[in-house]
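Beneath this line is the structure, given in structure tokens, with notes to follow.
Counting convention: from 1, in listed order, for ligands and their atoms alike. Numbers for residues simply follow the sequence, beginning at 1.
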Amino acid sequence: MSSHPSRPSPNPSRSPHATGHSKLSVPSDPGRLPMTLPLLAEKKRLGEPLVMVTAYDYPSARAAESAGVDLVLVGDSAATTVLGYSATTPVALEDMMVLARAVRRGLTTPLLIGDLPFGSYEISDEQALTTAVRMVKEAGADAVKLEGGGPAPVSRARAIVGAGIPVMGHVGLTPQSSTALGGWKAQGRTASAAARIAAEALALQEAGCFAIVFEAIPAAVTEELMGHMEVPVIGIGAGPATDGQVLVFHDLLGIRDGLGPRFVKRYASLQDDMNAGVAAYAEDVRERRYPGPEHTYSIDPAELAELHELLA
Ligand code: KIV
């Protein structure tokens, strides 16, 4: 198995390994330090909002890098955003590894978190640890994320943390178990359901998770829980009280059909732009407007004449 491309130095000129990474690393603010767990905790302490976004390939990683986000998640949402499935459960670990490696090549400073896909960690702590080790060793992830806060996921988180791999938890709407949760809908809307989410979040925190995602829970519930959370909480559809926010890259940039969940704020409409761009290209080809002279290579007329003779 190949070794992973490790996180390039944020300032290659200061790196003891200054050669070799230049083609892989993305120009970024040379003053920006790589995100670390202590820095993350410090930002929470200072009340500085944490920014997290998903990425699935080199260009999306470069966009995250250039925006200076704190955390990048190679989410299993890749199943729906880039692989065309209608749910996250079908995505294979091998697919996630390919995507995570591409993201690694595009990142210098954000913390890179690899999502553990459905079926890659549920069976045993040993299976979870094996998967997490692969995500770090072969894909270059700095940390992993897993879904759920029941006894089994908490045990998996504890085992992975125990091996020295940072783990991000995820409670509320956990898409891998959306069927059991009654569909893709907000969670924690009754006192008992919200208390269950609280218990799960606290159990993950106690197991050593360095941060926890709260997904699709009422903002008022998040506010109630935040006073109990010592580790950074990153929200998605969980209101403004969390320490940070995460959005799916394709949702925020409009690389999708439809608007997506209610909590999404759209900052661009790239699917429309892509559709229009490809349609314009197709029309240019059909109308013989492309390629134009500026898109073609030249040849010395004498060489062309010789070729003509040779072919005669
Ligand atoms: O897979 C994913 O994109 C996620 C985020 C929504 C947190 O889990």
Would you sort out whether His170 and Phe214 count as a ring-ring contact (aromatic ring centres under 6.0 Å, His included), showing the intermediate values? CA-CA 6 Å; His170 184 161; Phe214 281 13; 9.7 Å; no

Is there a side-chain hydrogen bond (donor to acceptor under 3.5 Å, both in side chains) between Ser177 and Thr174? Walk through the geometry before answering. CA-CA 6 Å; Ser177 41; Thr174 45; 2.9 Å; yes

In the protein, which heavy atom is nearest to atom 6 (C) of ligand 1, and how far is it? Ile236 CD1, 3.6 Å

Of all protein heavy atoms, the one nearest atom 4 (C) of ligand 1 is Leu73 CD2, 3.5 Å

What atoms of ligand 1 come closer than 4.0 angstrom to any heavy atom of Thr54? 3 (O)

So, for Tyr121 and Gln176, which heavy atoms are closest and what is the spacing to 0.1 Å? OH-OE1, 2.8 Å

Checking salt bridge (charged side-chain N to carboxylate O under 4.0 Å, His left out) for the pair Glu230/Lys44: CA distance, chi angles, key distance, verdict? CA-CA 9 Å; Glu230 288 159 15; Lys44 174 180 170 78; over 6 Å; no

Under the criterion side chain to side chain contact (heavy atoms under 4.5 Å, CB included), I'd like the reasoning laid out for Glu215 against Val171: C-alpha separation, chi angles, the key distance, then a yes or no. CA-CA 6 Å; Glu215 179 164 355; Val171 298; over 6 Å; no

Quick test: of every protein heavy atom, which one is nearest to atom 8 (O) of ligand 1, and how far off is it to 0.1 Å? Lys145 NZ, 3.0 Å

Ligand 1 atoms in contact with Gly75 (distance to a heavy atom under 4.0 Å): 1 (O), 2 (C), 3 (O)

May I ask you to check if ligand 1 and Tyr56 share an N or O to N or O distance below 3.5 Å? no

For ligand 1, does Ile234 get within less than 4.0 Å through its side chain, its backbone, both, or neither, judged by non-hydrogen atoms? neither

Do Asp57 and Leu99 come close enough that some side-chain heavy atom pair is under 4.5 Å? no

Using heavy atoms and a threshold below 4.0 Å, how should the contact between Asp76 and ligand 1 be classified: side chain, backbone, both, or neither? both

Which protein non-hydrogen atom lies closest to atom 2 (C) of ligand 1, naming both residue and atom, and how far is it? Ser77 OG, 3.3 Å

Are side-chain heavy atoms of Asp115 and Met96 found at a separation under 4.5 Å? yes

Below a 4.0 angstrom heavy-atom separation, can you tell me which part of His170, side chain or backbone, both or neither, approaches ligand 1? side chain

